[in-house]
Amino acid sequence: MTAATASRSSRRAMLGVLVFEFAGPLAIFYGLRAAGVNQWLALLCGSVLPAGRAVHGIVTERRVSGTTMFVLGAMALTVVMSFVTGSPRVLLIRDAWGSAALGLWALISLLGRRPFLYEGTRMFLDPGKQEIWASNWERFPEFRHALRAVTAVWGVAFLADTGVRVVMAMALPIDLVPLLDDVLLVVTLLVLVAFQRLYGRVCLRRHGLRIRGVEMSRIAEPEPS
(Lines give C-alpha, C1' and ligand atoms only; values in the text may rest on other atoms or scores of the structure.)
Protein backbone atom coordinates (compact mmCIF):
# COMPACT_ATOMS: atom_id res chain seq x y z
CA MET A 1 0.00 0.00 0.00
CA THR A 2 1.43 3.38 -0.99
CA ALA A 3 1.41 6.43 1.28
CA ALA A 4 -1.22 8.12 -0.92
CA THR A 5 -3.46 5.04 -0.79
CA ALA A 6 -3.10 4.80 2.97
CA SER A 7 -3.93 8.50 3.32
CA ARG A 8 -7.06 8.14 1.19
CA SER A 9 -8.09 5.08 3.16
CA SER A 10 -7.70 6.99 6.44
CA ARG A 11 -9.74 9.92 5.10
CA ARG A 12 -12.51 7.58 3.96
CA ALA A 13 -12.54 5.90 7.36
CA MET A 14 -12.82 9.23 9.19
CA LEU A 15 -15.54 10.41 6.79
CA GLY A 16 -17.45 7.19 7.41
CA VAL A 17 -17.29 7.70 11.16
CA LEU A 18 -18.45 11.32 10.79
CA VAL A 19 -21.41 10.44 8.56
CA PHE A 20 -22.60 7.17 10.08
CA GLU A 21 -21.80 7.76 13.76
CA PHE A 22 -22.44 11.48 14.24
CA ALA A 23 -23.90 13.67 11.50
CA GLY A 24 -26.23 11.02 10.07
CA PRO A 25 -27.96 9.95 13.31
CA LEU A 26 -28.30 13.60 14.40
CA ALA A 27 -29.82 14.61 11.04
CA ILE A 28 -32.27 11.70 11.15
CA PHE A 29 -33.33 12.39 14.74
CA TYR A 30 -33.81 16.14 14.43
CA GLY A 31 -35.30 15.83 10.95
CA LEU A 32 -37.93 13.37 12.18
CA ARG A 33 -38.63 15.46 15.25
CA ALA A 34 -39.19 18.51 13.04
CA ALA A 35 -41.62 16.41 11.01
CA GLY A 36 -43.59 15.62 14.16
CA VAL A 37 -42.34 12.06 14.79
CA ASN A 38 -42.28 11.09 18.47
CA GLN A 39 -39.00 10.96 20.38
CA TRP A 40 -38.84 7.17 20.74
CA LEU A 41 -39.26 6.43 17.03
CA ALA A 42 -36.91 9.25 16.00
CA LEU A 43 -34.20 7.90 18.30
CA LEU A 44 -34.76 4.35 17.05
CA CYS A 45 -34.41 5.44 13.42
CA GLY A 46 -31.28 7.41 14.27
CA SER A 47 -29.65 4.28 15.68
CA VAL A 48 -30.04 2.40 12.37
CA LEU A 49 -27.00 4.04 10.71
CA PRO A 50 -24.32 3.13 13.31
CA ALA A 51 -25.77 -0.37 13.72
CA GLY A 52 -25.86 -0.86 9.94
CA ARG A 53 -22.27 0.33 9.63
CA ALA A 54 -21.11 -2.15 12.27
CA VAL A 55 -22.91 -5.03 10.54
CA HIS A 56 -21.53 -3.96 7.15
CA GLY A 57 -18.02 -3.98 8.59
CA ILE A 58 -18.49 -7.54 9.86
CA VAL A 59 -19.80 -8.74 6.49
CA THR A 60 -17.14 -7.06 4.34
CA GLU A 61 -14.15 -7.76 6.57
CA ARG A 62 -15.38 -11.23 7.57
CA ARG A 63 -13.94 -10.59 10.99
CA VAL A 64 -15.70 -9.86 14.27
CA SER A 65 -13.87 -7.99 17.00
CA GLY A 66 -14.87 -8.29 20.62
CA THR A 67 -15.49 -4.54 20.80
CA THR A 68 -17.88 -4.64 17.81
CA MET A 69 -19.81 -7.54 19.31
CA PHE A 70 -20.00 -5.76 22.67
CA VAL A 71 -21.40 -2.58 21.11
CA LEU A 72 -23.87 -4.43 18.86
CA GLY A 73 -25.04 -6.64 21.70
CA ALA A 74 -25.47 -3.66 24.02
CA MET A 75 -27.36 -1.74 21.33
CA ALA A 76 -29.66 -4.70 20.70
CA LEU A 77 -30.34 -5.02 24.43
CA THR A 78 -31.05 -1.29 24.62
CA VAL A 79 -33.58 -1.50 21.77
CA VAL A 80 -35.29 -4.52 23.33
CA MET A 81 -35.50 -2.79 26.71
CA SER A 82 -36.91 0.33 25.04
CA PHE A 83 -39.67 -1.78 23.47
CA VAL A 84 -40.47 -3.22 26.91
CA THR A 85 -40.47 0.10 28.74
CA GLY A 86 -41.60 2.34 25.89
CA SER A 87 -39.19 4.96 27.21
CA PRO A 88 -37.05 7.02 24.81
CA ARG A 89 -34.58 7.57 27.65
CA VAL A 90 -33.52 3.94 27.44
CA LEU A 91 -32.61 4.48 23.78
CA LEU A 92 -30.56 7.53 24.73
CA ILE A 93 -28.16 5.27 26.63
CA ARG A 94 -27.09 3.76 23.28
CA ASP A 95 -24.15 6.17 22.89
CA ALA A 96 -22.90 5.29 26.36
CA TRP A 97 -22.19 1.72 25.25
CA GLY A 98 -19.67 2.88 22.67
CA SER A 99 -17.79 4.90 25.30
CA ALA A 100 -17.87 1.96 27.71
CA ALA A 101 -16.52 -0.38 25.03
CA LEU A 102 -13.68 2.02 24.16
CA GLY A 103 -12.76 2.56 27.80
CA LEU A 104 -12.73 -1.17 28.57
CA TRP A 105 -10.82 -1.94 25.37
CA ALA A 106 -8.13 0.61 26.29
CA LEU A 107 -7.70 -0.78 29.81
CA ILE A 108 -7.73 -4.42 28.73
CA SER A 109 -5.15 -3.69 26.03
CA LEU A 110 -2.69 -2.84 28.83
CA LEU A 111 -2.56 -6.55 29.59
CA GLY A 112 -1.40 -7.35 26.04
CA ARG A 113 1.85 -6.78 24.17
CA ARG A 114 0.90 -3.35 22.87
CA PRO A 115 -1.61 -0.84 24.26
CA PHE A 116 -4.62 0.66 22.53
CA LEU A 117 -2.88 3.92 21.60
CA TYR A 118 -0.02 2.12 19.86
CA GLU A 119 -2.38 0.23 17.57
CA GLY A 120 -4.86 3.10 17.25
CA THR A 121 -2.18 5.55 16.09
CA ARG A 122 -0.59 2.99 13.77
CA MET A 123 -3.87 2.63 11.84
CA PHE A 124 -3.57 6.24 10.59
CA LEU A 125 0.06 6.02 9.46
CA ASP A 126 1.38 5.17 6.03
CA PRO A 127 3.61 2.05 5.73
CA GLY A 128 6.86 3.99 6.06
CA LYS A 129 5.76 5.73 9.24
CA GLN A 130 4.37 2.46 10.60
CA GLU A 131 7.89 1.04 10.43
CA ILE A 132 9.28 4.03 12.31
CA TRP A 133 6.49 3.72 14.90
CA ALA A 134 7.32 0.04 15.41
CA SER A 135 11.02 0.88 15.70
CA ASN A 136 10.27 3.47 18.39
CA TRP A 137 8.39 0.81 20.34
CA GLU A 138 11.25 -1.68 20.14
CA ARG A 139 14.09 0.77 20.83
CA PHE A 140 12.78 3.06 23.57
CA PRO A 141 11.33 1.72 26.85
CA GLU A 142 10.40 5.31 27.77
CA PHE A 143 8.16 5.44 24.70
CA ARG A 144 6.47 2.19 25.74
CA HIS A 145 5.91 3.55 29.25
CA ALA A 146 4.40 6.81 27.95
CA LEU A 147 2.00 5.02 25.59
CA ARG A 148 0.85 2.67 28.33
CA ALA A 149 0.33 5.52 30.80
CA VAL A 150 -1.67 7.62 28.34
CA THR A 151 -3.70 4.57 27.28
CA ALA A 152 -4.68 4.08 30.93
CA VAL A 153 -5.84 7.70 31.08
CA TRP A 154 -7.90 7.20 27.90
CA GLY A 155 -9.55 4.13 29.40
CA VAL A 156 -10.49 5.84 32.67
CA ALA A 157 -11.66 8.98 30.83
CA PHE A 158 -14.02 7.05 28.55
CA LEU A 159 -15.49 5.11 31.46
CA ALA A 160 -16.13 8.47 33.17
CA ASP A 161 -17.62 9.68 29.87
CA THR A 162 -19.97 6.68 29.99
CA GLY A 163 -21.23 7.70 33.41
CA VAL A 164 -21.85 11.28 32.29
CA ARG A 165 -23.82 10.04 29.25
CA VAL A 166 -26.05 7.86 31.41
CA VAL A 167 -26.76 10.78 33.76
CA MET A 168 -27.57 13.07 30.80
CA ALA A 169 -29.87 10.44 29.28
CA MET A 170 -31.80 10.06 32.52
CA ALA A 171 -31.94 13.69 33.67
CA LEU A 172 -31.82 16.16 30.76
CA PRO A 173 -34.52 17.07 28.19
CA ILE A 174 -34.68 14.23 25.66
CA ASP A 175 -34.47 16.43 22.56
CA LEU A 176 -31.26 18.01 23.85
CA VAL A 177 -29.33 14.84 24.72
CA PRO A 178 -28.35 13.58 21.21
CA LEU A 179 -26.61 16.88 20.46
CA LEU A 180 -24.96 17.04 23.87
CA ASP A 181 -23.69 13.47 23.42
CA ASP A 182 -21.70 14.54 20.37
CA VAL A 183 -20.49 17.73 22.07
CA LEU A 184 -19.31 15.64 25.03
CA LEU A 185 -17.36 13.33 22.74
CA VAL A 186 -15.63 16.25 21.00
CA VAL A 187 -14.70 17.83 24.35
CA THR A 188 -13.46 14.50 25.74
CA LEU A 189 -11.30 13.84 22.68
CA LEU A 190 -9.85 17.38 22.64
CA VAL A 191 -8.91 17.17 26.32
CA LEU A 192 -7.39 13.72 25.90
CA VAL A 193 -5.38 14.66 22.81
CA ALA A 194 -4.10 17.83 24.52
CA PHE A 195 -3.12 15.83 27.61
CA GLN A 196 -1.51 13.12 25.49
CA ARG A 197 0.67 15.59 23.62
CA LEU A 198 1.68 17.53 26.72
CA TYR A 199 2.36 14.49 28.89
CA GLY A 200 4.10 12.62 26.08
CA ARG A 201 6.52 15.42 25.28
CA VAL A 202 7.24 16.19 28.95
CA CYS A 203 7.76 12.51 29.77
CA LEU A 204 10.03 11.89 26.80
CA ARG A 205 12.06 15.04 27.34
CA ARG A 206 12.56 14.12 30.98
CA HIS A 207 14.20 10.94 29.72
CA GLY A 208 16.31 12.73 27.14
CA LEU A 209 14.11 11.96 24.12
CA ARG A 210 12.29 14.03 21.53
CA ILE A 211 9.80 13.14 18.83
CA ARG A 212 9.29 14.94 15.52
CA GLY A 213 6.30 13.61 13.63
CA VAL A 214 6.69 9.94 14.49
CA GLU A 215 10.50 9.85 14.47
CA MET A 216 12.08 9.60 17.90
CA SER A 217 15.66 10.31 18.85
CA ARG A 218 17.76 10.94 21.90
CA ILE A 219 18.70 14.53 22.68
CA ALA A 220 22.43 14.89 22.31
CA GLU A 221 24.12 15.81 25.56
CA PRO A 222 26.49 18.79 25.35
CA GLU A 223 30.11 17.81 25.27
CA PRO A 224 32.05 18.74 28.42
CA SER A 225 34.17 21.83 27.91
Side-chain angles (χ1 to χ4, degrees), residues 1-22 53-54 56-71 98-99 101-159 161 185-186 188-223:
M1 182 185 293
T2 66
T5 302
S7 178
R8 286 195 297 270
S9 179
S10 296
R11 286 197 296 268
R12 283 197 300 269
M14 287 187 284
L15 181 61
V17 170
L18 177 63
V19 172
F20 290 98
E21 301 289 344
F22 302 107
R53 182 172 182 267
H56 178 265
I58 292 173
V59 172
T60 56
E61 296 176 12
R62 297 181 180 178
R63 179 172 57 87
V64 183
S65 69
T67 303
T68 299
M69 289 306 299
F70 175 85
V71 173
S99 291
L102 185 57
L104 290 172
W105 178 25
L107 294 178
I108 291 172
S109 75
L110 295 173
L111 303 176
R113 290 186 61 228
R114 293 182 176 89
F116 158 74
L117 277 181
Y118 174 88
E119 299 293 350
T121 303
R122 186 175 177 276
M123 289 170 53
F124 294 96
L125 301 176
D126 63 57
K129 290 182 178 179
Q130 286 181 7
E131 291 182 6
I132 297 172
W133 194 246
S135 175
N136 292 340
W137 179 264
E138 296 298 331
R139 292 172 57 202
F140 301 108
E142 302 89 347
F143 178 66
R144 297 195 291 271
H145 168 77
L147 276 184
R148 290 188 181 281
V150 177
T151 293
V153 172
W154 274 68
V156 171
F158 271 97
L159 291 181
D161 177 276
L185 178 61
V186 171
T188 300
L189 288 175
L190 288 176
V191 170
L192 282 172
V193 169
F195 167 79
Q196 175 180 323
R197 289 184 174 180
L198 177 62
Y199 173 82
R201 292 187 182 279
V202 169
C203 179
L204 294 177
R205 183 166 289 276
R206 188 168 63 241
H207 290 94
L209 295 169
R210 64 183 170 197
I211 187 167
R212 291 178 177 173
V214 296
E215 190 144 8
M216 186 168 295
S217 60
R218 294 202 177 273
I219 300 173
E221 296 182 0
E223 295 182 2

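Only a predicted model underlies this, so the values are computations on that prediction, with no experimental measurement involved.
The shortest non-hydrogen separation linking E119 to R114 is OE2-CD, 3.7 Å. Residues T151 and L147 come closest through the heavy atom pair OG1-O, 2.8 Å. The minimum heavy-atom distance linking S109 with R148 is given by the pair O-NH1, 4.5 Å.
Separating the OG atom in S135 from the NZ atom in K129 is a distance of 15.5 Å, to the nearest 0.5 Å. Distance SG/C203 to CG/L198: 11.0 Å, rounded to 0.5 Å. Between S99 atom OG and L185 atom CG the span is 6.5 Å, to the nearest 0.5 Å. Annotation: the span from R218 atom CZ to L209 atom CG amounts to 4.5 Å, rounded to 0.5 Å.
Between W137 and Y118, the two ring planes are tilted [angle within 30° to 60°].
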Take V202 and R206 through the test side-chain contact (heavy atoms from CB on, under 4.5 Å) and record every step on the way to the result. CA-CA 6 Å; V202 169; R206 188 168 63 241; 4.0 Å; yes

Apply the test side-chain contact (heavy atoms from CB on, under 4.5 Å) to residues V153 and F158: give CA-CA distance (whole Å), side-chain angles for both, the deciding distance (0.1 Å), then the verdict. CA-CA 9 Å; V153 172; F158 271 97; over 6 Å; no

Test side-chain contact (heavy atoms from CB on, under 4.5 Å) on W154 and L189; report intermediate values, then the result. CA-CA 9 Å; W154 274 68; L189 288 175; 4.0 Å; yes

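Between L159 and L107 there is a side-chain heavy-atom pair separated by less than 4.5 Å. At a threshold of 4.5 Å between non-hydrogen side-chain atoms, the residues F116 and L102 count as touching.
Two rings, from W133 and F143, have their centers less than 6.0 Å apart.
Classification of R122 and E131 as a salt-bridged pair fails, no side-chain N sitting under 4.0 Å from a carboxylate O. Electrostatic pairing of R210 and E142 does not count as a salt bridge here, judged by no charged N lying under 4.0 Å from a carboxylate O.
No donor-acceptor pair closer than 3.5 Å links the side chain of R201 to the backbone N or O of Q196.
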